[in-house]
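These notes concern the structure reproduced below.
We count ligands from 1, going down the list as the structure has it; atoms in each ligand are counted the same way. As the structure is a computational prediction, the values presented were derived from the model and not from experiment.
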Amino acid sequence: MSENVKDLLSLKDKVAVITGGAGWLGSAMTEALAEAGARTVVVDCNAEAVKQVCERLAKKELSVTGVTADVMQEDSIRKSIDQIAEDCGRIDVLVNGVVVPAAADLDHVTMENFEKGYRNSGAYAIACQQCVKHMRKVGEGSIINIASMYGMVTSYPKVYEGVSDPCPVTYCADKAGVIHMTRFMAVYWAKDKIRVNSISPGAFPNREKMEYANNPKMDLFLERLAEKSPLGRVGQPWELKGAVVFLASRAASFLTGQNIVVDGGWTIW
Ligand SMILES: NC(=O)c1ccc[n+]([C@@H]2O[C@H](COP(=O)([O-])OP(=O)(O)OC[C@H]3O[C@@H](n4cnc5c(N)ncnc54)[C@H](O)[C@@H]3O)[C@@H](O)[C@H]2O)c1
């Protein structure tokens with residue numbers, strides 16, 4: 001097998017599945033997997049967004065199709081993944097990127113909020129379990145769980161003061177769980193030659209999202225986010241493309257159980 005770096009990074013002949021692949025960061029990662037050569041299947045509950053991402057990438061002659069499904073429902077994710085494996089003949093790569101927020105501050109958080117928060121990592125685990133069945137048939141695979149810098153450090157209060165709600169405790173707990181669950185999975189499935197890694201994005205705010213778009217203090221909030229990062233700015237979705245393709249590809253064949261932090265340096269000081 002070629003050790004040329006372009007061949008190592010290629011996903012030609014691979015099938016990649018990405019949950020939440022029609023979202024703000026998901027659609028950039030979908031594009032990256034397809035640009036690297038993978039036949040890429042987006043699984044997302046937003047049918048309109050799925051249609052849009054598929055149409056946009058088809059114009060670039062990329063191989064992207066979509067499945068509309070609710071990955072928080074166990075039956076739905078299991079059936080979708082089996083259907084994708086049947087349609088595409090194999091699954092080589094899974095990116096888990098869905099998030100369903102469960103906002104509540106620590107003084108008011110309920111058991112129900114936590115159940116909703118942890119359902120996110122449950123959905124990641126079921127998608128992994130289901131894809132692993134098909135990866136075993138291929139003989140190897142790569143799984144990438146999207147975590148967050150807020151699974152490593154806590155929500156930084158001064159950034160949010162007077163301008164936005166802080167990141168909720170349920171989110172931080174879930175994302176810390178995703179990073180550690182990734183290590184557990186990496187050990188558990190190593191015997192099957194399945195690598196499992198996570199990516200922890202830093203601040204990649206989406207200005208169009210309702211809670212940001214309706215916020216009159218948005219500019220101040222963005223300024224503070226930028227200041228907190230050593231690189232002095234927030235991230236753009238395309239800045240995750242390299243990490244996801246690297247982890248999905250043979251270029252990362254000796255890398256498992258790791259958490260790649262793409263945060264402009266937020267977590268280093
Ligand atoms: N944006 C950031 O600043 C940031 C920072 C750190 C980590 N992250 C992580 O990156 C990932 C993507 O975040 P984003 O900002 O792109 O979010 P987003 O809300 O733009 O995208 C999430 C996608 O998941 C889909 N989705 C939601 N519930 C679903 C369900 N039940 N079934 C199927 N699909 C469902 C949505 O339709 C959407 O397309 C998340 O895991 C998030 O926690 C984001």
Trp24 ring centre to Lys209 NZ or CZ under 6.0 Å, with the angle to the axis within 45°?
no
Please determine if Glu161 and Arg224 form a salt bridge, counting it only when a charged side-chain N lies under 4.0 Å from a carboxylate O.
no
Begin from the C-alpha positions of Val67 and Ile84 and carry the test side-chain contact (heavy atoms from CB on, under 4.5 Å) through to its verdict.
CA-CA 8 Å; Val67 172; Ile84 293 165; 4.1 Å; yes
Do the ring planes of Tyr156 and Trp266 sit parallel (below 30°), tilted (30 to 60°) or perpendicular (above 60°)?
perpendicular
Hydrophobic cluster (4.5 angstrom, side-chain heavy atoms) - remaining members for Leu106
Val109, Phe114, Tyr118, Val169
Between ligand 1 and the protein, which N/O pairs are shorter than 3.5 Å?
{"from": "ligand 1", "atom 1": "1 (N)", "to": "Phe204", "atom 2": "O", "distance (Å)": "3.2"}
{"from": "ligand 1", "atom 1": "3 (O)", "to": "Phe204", "atom 2": "N", "distance (Å)": "2.9"}
{"from": "ligand 1", "atom 1": "3 (O)", "to": "Phe204", "atom 2": "O", "distance (Å)": "3.2"}
{"from": "ligand 1", "atom 1": "16 (O)", "to": "Trp24", "atom 2": "N", "distance (Å)": "3.4"}
{"from": "ligand 1", "atom 1": "16 (O)", "to": "Leu25", "atom 2": "N", "distance (Å)": "2.8"}
{"from": "ligand 1", "atom 1": "19 (O)", "to": "Lys209", "atom 2": "NZ", "distance (Å)": "3.3"}
{"from": "ligand 1", "atom 1": "20 (O)", "to": "Trp24", "atom 2": "N", "distance (Å)": "3.0"}
{"from": "ligand 1", "atom 1": "31 (N)", "to": "Asp70", "atom 2": "OD1", "distance (Å)": "2.7"}
{"from": "ligand 1", "atom 1": "32 (N)", "to": "Ala69", "atom 2": "O", "distance (Å)": "3.4"}
{"from": "ligand 1", "atom 1": "32 (N)", "to": "Val71", "atom 2": "N", "distance (Å)": "2.9"}
{"from": "ligand 1", "atom 1": "34 (N)", "to": "Cys45", "atom 2": "N", "distance (Å)": "3.1"}
{"from": "ligand 1", "atom 1": "37 (O)", "to": "Asp44", "atom 2": "OD1", "distance (Å)": "2.6"}
{"from": "ligand 1", "atom 1": "39 (O)", "to": "Gly23", "atom 2": "N", "distance (Å)": "3.2"}
{"from": "ligand 1", "atom 1": "39 (O)", "to": "Asp44", "atom 2": "OD1", "distance (Å)": "3.3"}
{"from": "ligand 1", "atom 1": "39 (O)", "to": "Asp44", "atom 2": "OD2", "distance (Å)": "2.6"}
{"from": "ligand 1", "atom 1": "41 (O)", "to": "Gly97", "atom 2": "O", "distance (Å)": "3.3"}
{"from": "ligand 1", "atom 1": "41 (O)", "to": "Tyr124", "atom 2": "OH", "distance (Å)": "3.3"}
{"from": "ligand 1", "atom 1": "41 (O)", "to": "Lys175", "atom 2": "NZ", "distance (Å)": "2.9"}
{"from": "ligand 1", "atom 1": "43 (O)", "to": "Tyr171", "atom 2": "OH", "distance (Å)": "2.6"}
{"from": "ligand 1", "atom 1": "43 (O)", "to": "Lys175", "atom 2": "NZ", "distance (Å)": "3.1"}

Does a salt bridge link Arg78 with Glu74, judged by any charged N lying under 4.0 Å from a carboxylate O?
yes
